[in-house]
Engineer: 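Here's a structure for you.
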Amino acid sequence: MAAGKVPRTTWAPRGARPVVRVAGRRGGRVNVADAVCFKPDCRPRMFFKLHVYHQRRGEPKTFTWNDYRDFIRMVHTELGTPVVWVWDNLNVHLQQELFDFEAEHKDWLVFFHLPPYAPEINPQEGTWSLLKRSLADFAATDLAHLTRAIKQKLKKIQYRPHLTAGCLPTTGLDLHGLIDEPDIADPT
């Protein structure tokens, strides 16, 4: 071996993909709903909700419009302020029941929809990137283990507002430009 060369080892024969086998039942999944909240001159906030699908008969596979409605109410209660909710175009986000919910609560809730595919202007995508990076090389033993890991990683992001704040500049959005300042009456 030449000087300075480091021998390389793998866990699979050359040309074969490494396979990690785990014990336990296969199946199920964890879905995450996430809301990042920005207000000028305030620390950013992040809220999340998990939906665990265990592959049981009659169990919904993902969030329903009722789950999103409850999530919006929870965020509004926690913030104690009117909410402008920005959706991507997931099918459930376009259900009439959510539009009806918005109409019922127009005193504190406004919906905006992003263009059909615009991850570059969605600050929430930064949160997903942080979560995915923190779960790299993670092998869960079962669905409960995966759920605990996701909660733990999201709580780490949630309690570090500078991470959430870092998701906004990459979108090119300016909070101060989005909020109209009240006009000062001209006395003349």
Side-chain angles (χ1 to χ4, degrees), residues 20 22-39 42-81 83-102 105 108-114 117-119 121-168 170-171:
V20 178
V22 295
R25 198 180 86 190
R26 294 182 58 177
R29 66 178 170 200
V30 180
N31 295 306
V32 183
D34 176 20
V36 290
C37 307
F38 299 98
K39 186 176 178 183
C42 293
R43 72 177 178 88
R45 307 272 306 269
M46 185 192 84
F47 301 94
F48 66 90
K49 183 177 183 173
L50 300 181
H51 179 273
V52 182
Y53 173 60
H54 297 93
Q55 293 186 322
R56 296 182 184 135
R57 184 169 298 172
E59 178 184 23
K61 290 183 179 180
T62 187
F63 288 100
T64 63
W65 74 269
N66 291 316
D67 296 324
Y68 283 112
R69 178 201 60 203
D70 296 342
F71 185 50
I72 293 168
R73 282 184 177 154
M74 184 271 300
V75 169
H76 169 64
T77 302
E78 287 289 321
L79 293 174
T81 183
V83 176
V84 176
W85 201 269
V86 181
W87 292 112
D88 57 13
N89 288 303
L90 189 65
N91 288 342
V92 71
H93 297 167
L94 301 172
Q95 286 190 343
Q96 186 60 43
E97 291 89 347
L98 284 172
F99 290 111
D100 294 343
F101 176 72
E102 176 194 18
H105 301 285
W108 61 265
L109 179 62
V110 176
F111 285 165
F112 284 105
H113 286 273
L114 291 172
Y117 184 73
I121 61 172
N122 188 351
Q124 189 176 358
E125 294 294 331
T127 306
W128 298 137
S129 177
L130 291 169
L131 177 63
K132 288 175 186 177
R133 275 189 270 159
S134 69
L135 289 172
D137 298 329
F138 173 74
T141 56
D142 59 6
L143 193 57
H145 185 209
L146 177 62
T147 304
R148 281 192 310 273
I150 290 173
K151 271 187 186 177
Q152 178 188 20
K153 301 301 183 185
L154 285 171
K155 282 192 178 282
K156 280 186 175 182
I157 296 169
Q158 189 177 37
Y159 292 120
R160 290 172 176 81
H162 67 280
L163 294 176
T164 306
C167 297
L168 187 63
T170 60
T171 64

Engineer: Excluding sequence neighbours, so at least two apart, what forms side-chain hydrogen bond (donor to acceptor under 3.5 Å, both in side chains) with D67?
Structural biologist: T64
Engineer: Is there side-chain contact between M74 and K49, with heavy atoms separated by less than 4.5 Å?
Structural biologist: no
Engineer: Mind checking side-chain hydrogen bond (donor to acceptor under 3.5 Å, both in side chains) for H51 and listing every partner two or more places apart, or none if nothing turns up?
Structural biologist: none
Engineer: Please report the closest heavy-atom contact between T164 and R45, naming both atoms and the distance.
Structural biologist: CG2-O, 4.0 Å
Engineer: Going by ring pair (Phe, Tyr, Trp, His ring centres under 6.0 Å), name the residues that satisfy it together with F71, two or more places apart in sequence or in a different chain.
Structural biologist: W85
Engineer: Mind checking side-chain hydrogen bond (donor to acceptor under 3.5 Å, both in side chains) for S134 and listing every partner two or more places apart, or none if nothing turns up?
Structural biologist: none
Engineer: Residues two or more places apart in sequence or in another chain: which of them pass side-chain hydrogen bond (donor to acceptor under 3.5 Å, both in side chains) with S129?
Structural biologist: R133
Engineer: Distance from F112 atom CZ to L114 atom CG, nearest 0.5 Å?
Structural biologist: 11.0 Å
Engineer: For V92, what residues pass the side-chain contact (heavy atoms from CB on, under 4.5 Å) criterion, not counting sequence neighbours?
Structural biologist: W65, Y68, L90, Q95
Engineer: Side chains of I72 and R69: closer than 4.5 Å at any heavy-atom pair?
Structural biologist: no
Engineer: What residues form a side-chain contact (heavy atoms from CB on, under 4.5 Å) with R29, not counting sequence neighbours?
Structural biologist: N31, Y53, K61
Engineer: Ignoring hydrogens, what is the shortest heavy-atom contact between P44 and P161? Give both atom names and the distance.
Structural biologist: CG-O, 3.4 Å
Engineer: Relative to each other, are the rings of F99 and H113 parallel, tilted or perpendicular (30° and 60° limits)?
Structural biologist: tilted
Engineer: Applying ring pair (Phe, Tyr, Trp, His ring centres under 6.0 Å), name anything that partners W108, two or more places apart in sequence or on another chain.
Structural biologist: H76, H105
Engineer: Measure the CG-CG distance between L50 and D34 for me, rounded to the nearest 0.5 Å.
Structural biologist: 10.0 Å
Engineer: Name the atoms and distances for all side-chain donor-acceptor pairs under 3.5 Å in residues 151-160, with sequence neighbours left out.
Structural biologist:
{"from": "Q158", "atom 1": "NE2", "to": "M46", "atom 2": "O", "distance (Å)": "2.9"}
{"from": "R160", "atom 1": "NH1", "to": "K156", "atom 2": "O", "distance (Å)": "3.0"}

Engineer: Is the closest side-chain heavy-atom distance between L94 and W87 below 4.5 Å?
Structural biologist: no
